[in-house]
Amino acid sequence: MPYIGRMQQNLFDADGGKEALGPGATVLRGFARKRDVELLAAIEAITARAPFRHMVTPGGFEMSVAMTNCGAAGWVTDRTGYRYQARDPQTGAPWPAMPPEFLELAAEAAAAAGFATVVPDACLINRYEPGAKLSLHQDKDEADFAHPIVSVSLGLPATFQFGGAKRGDPVRKITLEHGDVVVWGGPSRLFHHGVLTLKSGEHPLTGCRRFNLTLRKAL
Ligand code: MD3
Ligand code: FE
């Protein structure tokens, strides 16, 4: 049988199923697709008050991925380091509130992946344009690694790299497409990961962009 690709296979079935990626890491294919329009509208409302910006790493490099946050705490980086903070450094205002749609999606995804309900208090919103990438890293600025992170991909597809506990561990590549949700808990919670340079393309809802939400319990 010829390979026709996931998009075509699941044209009439938005929920493309569940795949185990690693210990405690589950991909829920297409899980957020039926809510794509409302999720993108929520991102739009957040970024009207907390615009996307290219933050600077402690090493002095400007990140190619543009970022903003919503929730009680937001992830930031500058020359002094990485941290979560209650206010947007650019405006001095608290980050926009976490939309109820984000909380609902996080709860449903965590349950579908077999985790107890997560109540995220931080959502980092990443925007990739062609050429943007995220180097291999660990997410370890949160207070308690027992809570899983829920990630939601919207717009153009990206190649995601997923390694192991050590930086030099072998890396697997998977494509994350519009509507895919991944729940990262258990040992995978501290695994290295990154996103390869975004390729140009056109998505009907986001144009030449990819968005990624990471719902976290940071505090
Ligand atoms: C694996 N974002 O914001 S989402 C990040 O597509 C981040 O923008 C990527 O890595 C993106 O920190 C990847 C998938 C992801 C998110 C959190 C993880 C994978 C993870 C935490 C632990 C292990
Ligand atoms: Fe990460």
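When a ligand or atom number is given, it counts from 1 through the structure's own listing order. Everything numeric here is computed off the predicted structure, so don't read it as measured data.
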Can you check whether L21's main-chain N or O pairs, donor with acceptor, with R172's side chain at less than 3.5 Å?
yes
Indicate the ring-plane relationship of Y82 and W75, choosing parallel, tilted or perpendicular according to the 30° and 60° boundaries.
parallel
Can you tell if the side chain of R33 reaches within under 4.5 Å of the side chain of H178, non-hydrogen atoms only?
yes
Polar-atom distance check: S188 versus ligand 1, any N or O pair below 3.5 Å?
no
Identify, for atom 7 (C) of ligand 1, the protein heavy atom at the shortest distance, and state residue, atom and that distance.
L134 CD2, 3.6 Å
Which of the numbered atoms in ligand 1 are under 4.0 angstrom from any heavy atom belonging to L124?
3 (O)
So which of W184, F160, W75, F191 gets nearest to atom 16 (C) of ligand 1, if we judge by its closest heavy atom?
W184
Atom indices of ligand 1, in the order listed, that fall short of 4.0 Å to a heavy atom of I149
17 (C), 21 (C)
Tell me, do R216 and Y84 make a side-chain contact under 4.5 Å, heavy atoms counted?
yes
Could you give the distance from CZ (R29) to CG (D180), rounded to the nearest 0.5 Å?
4.5 Å
Using heavy atoms and a threshold below 4.0 Å, how should the contact between H137 and ligand 1 be classified: side chain, backbone, both, or neither?
side chain
Got a donor-acceptor contact below 3.5 angstrom from the K199 side chain to the A158 backbone?
no
Name the closest protein heavy atom to atom 2 (N) of ligand 1, giving the residue it belongs to and the distance to 0.1 Å.
N126 ND2, 3.5 Å
Could you list which atoms of ligand 1 come closer than 4.0 Å to a heavy atom of T214?
3 (O), 16 (C)
Identify, by atom number and element, the atoms of ligand 1 in contact range of S151, meaning under 4.0 Å from any of its heavy atoms.
4 (S), 14 (C)
So which heavy atom in the protein is nearest atom 17 (C) of ligand 1, and how far is it from that ligand atom?
D139 OD2, 3.5 Å
Give the single entry among R210, R216, R127 that approaches atom 5 (C) of ligand 1 most closely by any heavy atom.
R216
Look at the rings of F162 and W184 and say which category their plane angle falls in: under 30° parallel, 30 to 60° tilted, over 60° perpendicular.
tilted
Could you check whether any side-chain heavy atom of H203 comes within less than 4.5 Å of a side-chain heavy atom of L154, counting everything from C-beta outward?
no
Output field for angle at the Fe ion (ligand 2), D139.OD1 vs H193.NE2, rounded to 10°, should show 90°
Looking only at protein heavy atoms, what sits closest to atom 21 (C) of ligand 1 is H193 CE1, 3.5 Å
Among all protein non-hydrogen atoms, which one is nearest to atom 11 (C) of ligand 1, and what is the separation to 0.1 Å?
Y128 OH, 3.1 Å
Tell me whether R189 has any N or O atom under 3.5 angstrom from an N or O of ligand 1.
no
CG (N69) and CE (M98) are apart, to the nearest 0.5 Å, by 9.5 Å
Report yes if the side chains of L176 and R210 come closer than 4.5 Å at any heavy-atom pair, otherwise no.
yes
Could you pull out, from V65, D180, V195, the option with a heavy atom nearest to atom 9 (C) of ligand 1?
V195
